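Contents: one structure, followed by commentary.
Both ligands and their constituent atoms are indexed starting at 1 by order of listing. Counting from 1, the numbers follow the sequence of the chain as shown. Not measured: the values here are computed from a predicted model.
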Amino acid sequence: MFEKTAPPKALEPVPGTRIWPGLLSRQSQEELVATLRAQIVENPLYQPIMPKTGKPFSVAMTNFGDLGWVSDRSGYRYEDCHPATGRSWPPIPGRLQALWADLTGYGAPPEACLVNYYGPHAKMGLHQDRDEKPLDAPVLSVSLGDTAMFRLGGQERKAPTQSFKLASGDVLMLSGPSRLRFHGIDRILPGTSTLLEKGGRLNLTLRRVTDPAR
Ligand code: MD6
Ligand code: FE
């Protein structure tokens, strides 16, 4: 995975929040984008809606893995099929599975890989990732394309926040005491990357959803 070099050191701004700046080389990023692009034909990005209000997210989504995260009128949950096509989600790319194994130290593979696509005006409100069973499993994400302003809060919505840039190839993990921290994307910085032909940003979030039999 990291060829002949040891994995680069992570920044840990608060315990359990780790950022590996530029962990994926440009070549790895390009390979990952090619893999995603090939799958997105049959596993298209779609615009989910918020529960209750029915307002569309500004982010387009799809998933890879046994389970995918979906949102509709009835709430947030994991489903084994794409809501628009009715097909199973494609398998999580091997590269991402290897990254999970290398970085999380969790004893079971990820089951879900949520793909978020941000156009120039998309953002994601402050939220917690809490639709998963095993909260001892980290959540790991890879950013590709334009840089994003990531906001990290505390365990409560009102807690103070700090913000970080997430650039293409950066990897972020929320684990342990940071697993339930609020976080969101304030905005992306259009034109900061040449990785995606039409610009924008992809974030790939890997999660364990069910308790592994251990
Ligand atoms: C994003 N990321 O970076 C949104 N959640 O576009 C997340 O919501 C996220 O990056 C949990 C762990 C890592 C993440
Ligand atoms: Fe999240």
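Of all atoms in ligand 1, listed by their number and element, those nearer than 4.0 Å to a heavy atom of H127 are 8 (O). Shown in contact with L174 at under 4.0 Å from a heavy atom are these atoms of ligand 1, numbered in order with element: 11 (C), 12 (C). Proximity to R201 (heavy-atom distance under 4.0 Å) selects the following atoms of ligand 1: 1 (C), 3 (O), 6 (O). Contact atoms of ligand 1 toward S141: 10 (O), 13 (C), 14 (C) (distance under 4.0 Å to a heavy atom of the residue). Counting atoms of ligand 1 from 1 in the listed order, those under 4.0 Å from a heavy atom of D129 are 5 (N), 11 (C). Ligand 1 places these atoms under 4.0 Å from at least one heavy atom of Y118: 1 (C), 4 (C), 6 (O).
Nearest to atom 2 (N) of ligand 1 among the protein's heavy atoms is N203 OD1, 3.6 Å. Looking at atom 12 (C) of ligand 1, its nearest protein heavy atom turns out to be V139 CG1, 3.3 Å.
Using a 30° and 60° split on the angle between ring planes, F164 and F150 fall in the tilted class, from 30° to 60°. Note on ring orientation: taking the six-membered ring where Trp is involved, the planes of F57 and W69 are perpendicular (angle over 60°, cut-offs 30° and 60°).
Across all non-hydrogen atoms, the minimal contact from W89 to D66 is CD1-O, 4.2 Å.
Residue R37 qualifies as open at atom CZ: its count of foreign heavy atoms under 6.0 Å is 12 or below.
Residue-to-ligand polar distances keep T205 apart from ligand 1: every N/O pair is separated by 3.5 Å or more. Any N or O atom pair closer than 3.5 Å counts here, and R207 shares no such pair with ligand 1.
Among the candidates R181, R179, H183, the single residue satisfying the side-chain hydrogen bond (donor to acceptor under 3.5 Å, both in side chains) test with D129 is H183.
Ion pairing of D72 with R77 is present here, as a side-chain N (NZ or NE/NH1/NH2) and a carboxylate O approach within less than 4.0 Å. We find that K133 and E111 are not joined by a salt bridge, their nearest charged nitrogen and carboxylate oxygen being 4.0 Å or further apart.
Relative to atom 9 (C) of ligand 1, the option among Q128, R179, H183, K123 with the closest non-hydrogen atom is H183.
A single hydrophobic cluster is seen to contain both L67 and L114, as judged by linkage of ILVMFWY side chains at heavy-atom distances under 4.5 Å, directly or through other members.
Per residue D129, closest N, O or S atom to the Fe ion (ligand 2): atom name OD1.
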